[in-house]
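Positions are given from 1 along the sequence.
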Amino acid sequence: MRSNNSISRLLLLFLCIFQLKIGAQITPPPSLPPLDSLDQIALQSLASQLFNHAQVLENEWLVRERNAEFEHALASSALDLAKQDSSSTKMQLDSLTKKSKAARDLFKKTAQSREKSGKIVQFLNGFTEMDSVTIRKNLPKAWKQTRQMHDDTFPIASTAAPVETGNESLNAASPPEKKPKSGKKEREIPAPAIRKYDPANDVMINPPAPPCLIAASSRDEFSGEVSRELTRVELFRYTNPALKNYLQGKTHVICEAALASAGSRATLLLTFTINDPNARKAFGRLDKNSIAQVKFMDGATITLQNAVADDGFYQPESGATIYRAQYALLPETLRKMRRSELDKLRIAWSNGYEDYDVQYVDLLMRQAECLFGGK
């Protein structure tokens, strides 16, 4: 049987291989300007910047949560192995138990922070459907939540600084600073270096890419071909203004997108969640070979064909109907998606077509990079 030292070295090696990298510290969101004089576009721009910042924080906590989960699993495994080793001493078992409990507590804490940051992202995502009055009302709250989450994510040690009172009599009444009796010269603490602002390093302008999250991966036993599917991410959401009162705050249509690959072939997977018990009557179905037209920011348009028919699946507990579509991507279509941002999407339902504005315009660019890299 291996000794505890050998086990510890193996577990440490496992952690070094699989632990995810935590991102570098980013600058906090800038203070909000006066909102009364800003128009709808300017307000939406501020909300979008906060949304991007909150997404960066959520991704950071996601990485930390997974690292904490790894550490908890390793600590638990080390404790279980030590319990099975008859040569383990009580002191060793107590130490490993303490480490396992600390790793579990850290995992719970990071999971709570990740969930909290996700709620902030969800809150900010709803700003796309707000009018200017509602945005002005909610933007300060969103900024406060985002700033608090930023400070929780990247805490900065506070340093004592003199308070300028503007009252000389108060300063004169302060007791004189005591000098050390030893006569030794106090070590001077250097002032912190101030770096010049560089827009290229501002994550509000150039947000870092989120991590690549694989939902499924498999290898064909005969051909050796690898198939992978990325985790679905929200591409857009839309609510018809005429239905806002009827839906009572719910979003009418939410579309999630994910790219899948089998070798060099790629497929666009779209999942539509329609919060309407009469969705089948209003939208109909997604027929096989029905089209989806993708319009890019440069004005180019590409037409895709749905490979699988879907009548929609109704969920009684939520009152929503789920539709799924699969669109095969030709090599030239994939190349276009890798270098161009999306603008709009037209979906041909059996009862007519609907046009939607895309909010996550570079989602497919990022997902294509995850699947194919520099190929």
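Linking Ile, Leu, Val, Met, Phe, Trp and Tyr residues whenever their side-chain heavy atoms come within less than 4.5 Å leaves M365 and L371 in two separate clusters. Residue I302 is grouped with residue L342 when hydrophobic side chains (ILVMFWY) are merged at heavy-atom distances under 4.5 angstrom, including chains of intermediate members. Transitive grouping of hydrophobic side chains (ILVMFWY, heavy atoms separated by less than 4.5 Å) keeps L247 and I254 in distinct clusters.
K344 places none of its side-chain heavy atoms less than 4.5 Å from the side chain of D355. Counting only heavy atoms from C-beta outward, the side chains of L62 and L213 approach each other to under 4.5 Å. In this structure the side chain of F127 reaches within 4.5 angstrom of the side chain of L124, judged on heavy atoms. Side-chain contact between T153 and H150: absent, with no pair of heavy atoms (C-beta onward) separated by less than 4.5 Å. The side-chain heavy atoms of Y353 and I291, taken from C-beta on, include no pair separated by under 4.5 Å. Looking at heavy atoms from C-beta onward, K83 lies in side-chain contact with L93 at the 4.5 angstrom threshold. Side-chain contact between V358 and L363 is absent, with no heavy atoms from C-beta onward closer than 4.5 Å. Between D276 and T321 the shortest side-chain heavy-atom distance does not fall below 4.5 Å.
Minimum interatomic distance between A257 and L270 (heavy atoms only, all atoms of both residues): CB-CD2, 3.7 Å. Pairing each heavy atom of S117 with each of E58, the nearest pair is OG-CA, 3.4 Å. The shortest non-hydrogen separation linking G284 to Y323 is O-OH, 2.8 Å. Contact detail for W349 and I274: the closest heavy-atom pair is CH2-CD1, 3.9 Å. Nearest heavy atoms, L96 versus A78: CD1-O, 3.8 Å. Residue M130 comes nearest to I135 through the heavy atom pair CB-CG1, 3.6 Å, listed as atom of the first residue, atom of the second, then distance.
Among the candidates L334, L259, L235, T333, the single residue satisfying the side chain to side chain contact (heavy atoms under 4.5 Å, CB included) test with L268 is L259. Among F236, Y246, F283, the one residue that satisfies the ring-ring contact (aromatic ring centres under 6.0 Å, His included) test with H252 is F283.
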- Task: Apply side chain to side chain contact (heavy atoms under 4.5 Å, CB included) to C370 and L230, showing your working.
- Result: CA-CA 8 Å; C370 288; L230 295 177; 4.1 Å; yes
- Would T251 and Y238 satisfy side chain to side chain contact (heavy atoms under 4.5 Å, CB included), going step by step from the backbone distance to the final call? CA-CA 6 Å; T251 300; Y238 170 76; over 6 Å; no
- Task: Might you work through the side-chain hydrogen bond (donor to acceptor under 3.5 Å, both in side chains) test for D152 and Q148, ending with a clear yes or no?
- Result: CA-CA 6 Å; D152 292 343; Q148 182 61 54; 3.0 Å; yes
- Using the salt bridge (charged side-chain N to carboxylate O under 4.0 Å, His left out) rule, take D94 and K98 through it: C-alpha gap first, then chi angles, then the decisive distance, then the call. CA-CA 6 Å; D94 290 343; K98 185 178 179 180; over 6 Å; no
- Apply side chain to side chain contact (heavy atoms under 4.5 Å, CB included) to Q367 and V233, showing your working. CA-CA 10 Å; Q367 291 202 344; V233 179; 3.9 Å; yes
- Could you check S31 against W143 for side chain to side chain contact (heavy atoms under 4.5 Å, CB included), going step by step and ending with a plain yes or no? CA-CA 8 Å; S31 301; W143 181 90; 4.2 Å; yes
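Under the 3.5 Å distance criterion, the side-chain polar atoms of N306 are matched with a main-chain donor or acceptor of Q326. The main-chain N or O of A73 is found under 3.5 Å from a side-chain atom of S77 such that the two form a donor-acceptor pair. R232 places no side-chain N or O within donor-acceptor distance of the main-chain N or O of A215, the cut-off being under 3.5 Å. Although no hydrogens or angles enter the test, the distance criterion places a donor-acceptor pair under 3.5 Å between the side chain of R219 and the main chain of G224. T110 contributes a side-chain N or O that, together with a main-chain N or O of F107, makes up a donor-acceptor pair within less than 3.5 Å. No donor-acceptor pair under 3.5 Å is formed between the side chain of S88 and the backbone N or O of Q84. Between the side chain of T146 and the main chain of A142, a donor-acceptor pair closer than 3.5 Å is present. Judged by distance alone, the side chain of D220 and the main-chain N or O of S223 form a donor-acceptor pair under 3.5 Å.
A distance of 11.0 Å separates OG in S132 from CG in L35, rounded to the nearest 0.5 Å. The distance from atom CG of N125 to atom CZ of F51, rounded to the nearest 0.5 Å, is 4.5 Å. Once rounded to the nearest 0.5 Å, the distance linking CG of D310 with CD1 of I322 reads 10.0 Å. To the nearest 0.5 Å, atoms CD (E225) and OG (S264) are separated by 7.5 Å. Taken from CD in Q44 to CG in D39, the straight-line distance is 10.5 Å, to the nearest 0.5 Å. Atoms CD and CG, from Q305 and L330 in turn, are 9.5 Å apart once rounded to the nearest 0.5 Å.
With hydrogens and angles left out, the side-chain atoms of D131 and T134 include a donor and acceptor closer than 3.5 Å.
Using bins of under 30°, 30° to 60° and over 60° for the plane-to-plane angle, the ring pair Y356/F272 lands in the tilted bin.
A salt bridge is defined here as a Lys NZ or Arg NE, NH1 or NH2 lying under 4.0 Å from an Asp or Glu carboxylate O, and D105 with K101 meets this definition. The residues D151 and R147 are annotated as salt-bridged, a charged nitrogen and a carboxylate oxygen being separated by less than 4.0 angstrom. Under 4.0 Å is where a charged nitrogen must lie from a carboxylate oxygen, and between E332 and K336 no such pair does.
Summarising the local packing, OH of Y314 is surrounded by more than 12 heavy atoms from other residues, nucleotides or ligands at distances under 6.0 Å.
Remark: R64 is positioned above the aromatic ring of F154, its terminal NZ or CZ atom under 6.0 angstrom from the ring centre and at most 45 degrees off the axis.
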